[in-house]
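Numbering of ligands and ligand atoms starts at 1, following listing order.
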Amino acid sequence: MNVLVVGNGGREHALVWKIYQSERVEKIYVAPGNDGMTDLAERVDIAASDIMTLANWAQKHKIDLTVVGPEKPLVKGIVNEFEKRGLKIFGPNKLAARVEGSKVFAKNTLKKHKIPTAEFEVFTEPEQAMEFLKVADYPLVIKAEGLAYGKGVVIATGKDKAEDAIKKIMEDKVFGDAGNRIVIENFLEGREVSVMVFTDGKNFVPLEFAQDHKAVFDGDEGPNTGGMGAYSPLPFIDNDLREKIHNEILKPALDAFNQEGLNYKGLLYINIILTDMGPEVLDFNARFGDPETQVVLPRMNNDIIELFERTIEQKLDGIKISWDQRSAVCVILTSAGYPLTFDTGQEILGLEKINRFDNLLVFHAGTTKIGDKFYTAGGRVLGLTVLGSDLDDSISQVYDYIKEVDYEDMHYRTDIGLSEPRL
Ligand code: GLY
């Protein structure tokens, strides 16, 4: 079969890599992709959010299955457009993708169905939000309602920072219409974990837990990014906690989606915080996590095409996921200055050498190839994933491999997976 992957980052490279392993796949296209994927897939020069052009192209090229990476085309309704034309596509429809596209919708759904989440208020007028700040307890969390690429969430330790966030989001409109409404919620303390779940609307199959490290600097300092590294499995998740999350979060959330008539078919990625009171939902995402995908898929033994198809056909019932017992750690190499301003166009040295290591996967995010050389072309540049015998072994190996890579302004966190408790 011919498969089209939509998107261009490290997550999409990991998806392409996994799809390539299926014996049923003849050819993979990626729109728009990046130059680091071209040994596995042919690039198609169409932007990920240009839904009509993608649908026309998929129709013309007889694509058997399309897999959507990023949230924007999902929220814009790419699945509805493809399905209308009889094209098979993996991902939630426009209504279902609102669980990520509208934080107000997500929070109201959680509240209505009594699924644990932080208490919150919604504001449409900045003046009312500012009034609320006068009587609020701090820290609190301010979230732009719509899509803001991981930058629309501010943890305000005091009133000044909260006022500044409201001004930027609602008055200066730094995220455009995504900031028309905001959610202000209580700050919850605890460890954050990510869980991704295949669901066909009737059945659901959770993947292994992963943990992302969002802050740009070691020790969780500095602004949040799309993700600076991840690892899986998580040594502090035991069977009791797994069951609790299943019973108190996953099942109620998917039941709630059904009762709301969302017909959610695709991948749901839930950010969960483990508080002293139990697990609570931070937010929903209508897609695979990045970089979580770069550690979870390398550990999954199943043919991912079967999972995509059974999700679409609502036949996930009875499917078992088999896991490589090794530990995966991914460290993201970025351009210094990311997630704010950064330079690109730096030559990347050492790729030929690291591409030869058996237990290392190199996922490209922001790279471009000129002649036979790769150059930086984005904030997140490369994801290096190692499969080692245990977490400590993977950490030690991935940082050894990173020593072989070099470019001007290279930045990465040196503590991925290190600050976490071991059971
Ligand atoms: N890991 C953060 C995200 O995918 O949004």
Residue-ligand contact R287/ligand 1, heavy atom below 4.0 Å: yes

Numbered atoms and elements of ligand 1 in range of G289, under 4.0 angstrom, heavy atoms: 4 (O)

Residue, atom name and distance, where the atom is the protein heavy atom closest to atom 2 (C) of ligand 1: Y269 OH, 3.1 Å

ring-ring contact (aromatic ring centres under 6.0 Å, His included) partner of F284, the single match among F105, Y269, F257: F257

Electrostatic pair E313-R310, nearest N-O below 4.0 angstrom: no

Residues, nucleotides or ligands: over 12 heavy atoms within 6.0 Å of D39 CG: yes

Carboxylate-amine/guanidinium proximity below 4.0 Å for K202 and D200: no

Ligand-residue contact atoms, ligand 1 with D212, heavy atoms, under 4.0 Å: 1 (N), 2 (C)

Option from D220, T225, T334 for which side-chain hydrogen bond (donor to acceptor under 3.5 Å, both in side chains) with R413 holds: D220

Short N-O contact, K88 and E309, less than 4.0 angstrom: yes

contact_flag F288 ligand 1 heavy-atom lt 4.0 Å: no

Close N or O approach (N285, ligand 1; < 3.5 Å): no

Enumerated ligand 1 atoms positioned under 4.0 Å from heavy atoms of G226: 1 (N), 2 (C)

Residues K76 and E81 bridged, charged N to O under 4.0 Å: no

Within-cut-off N or O pair, R11 and ligand 1, under 3.5 Å: no

Ligand 1 atoms in contact with E292 (distance to a heavy atom under 4.0 Å): 1 (N)

Test item, G227 contacting ligand 1 (heavy atom, 4.0 angstrom): no

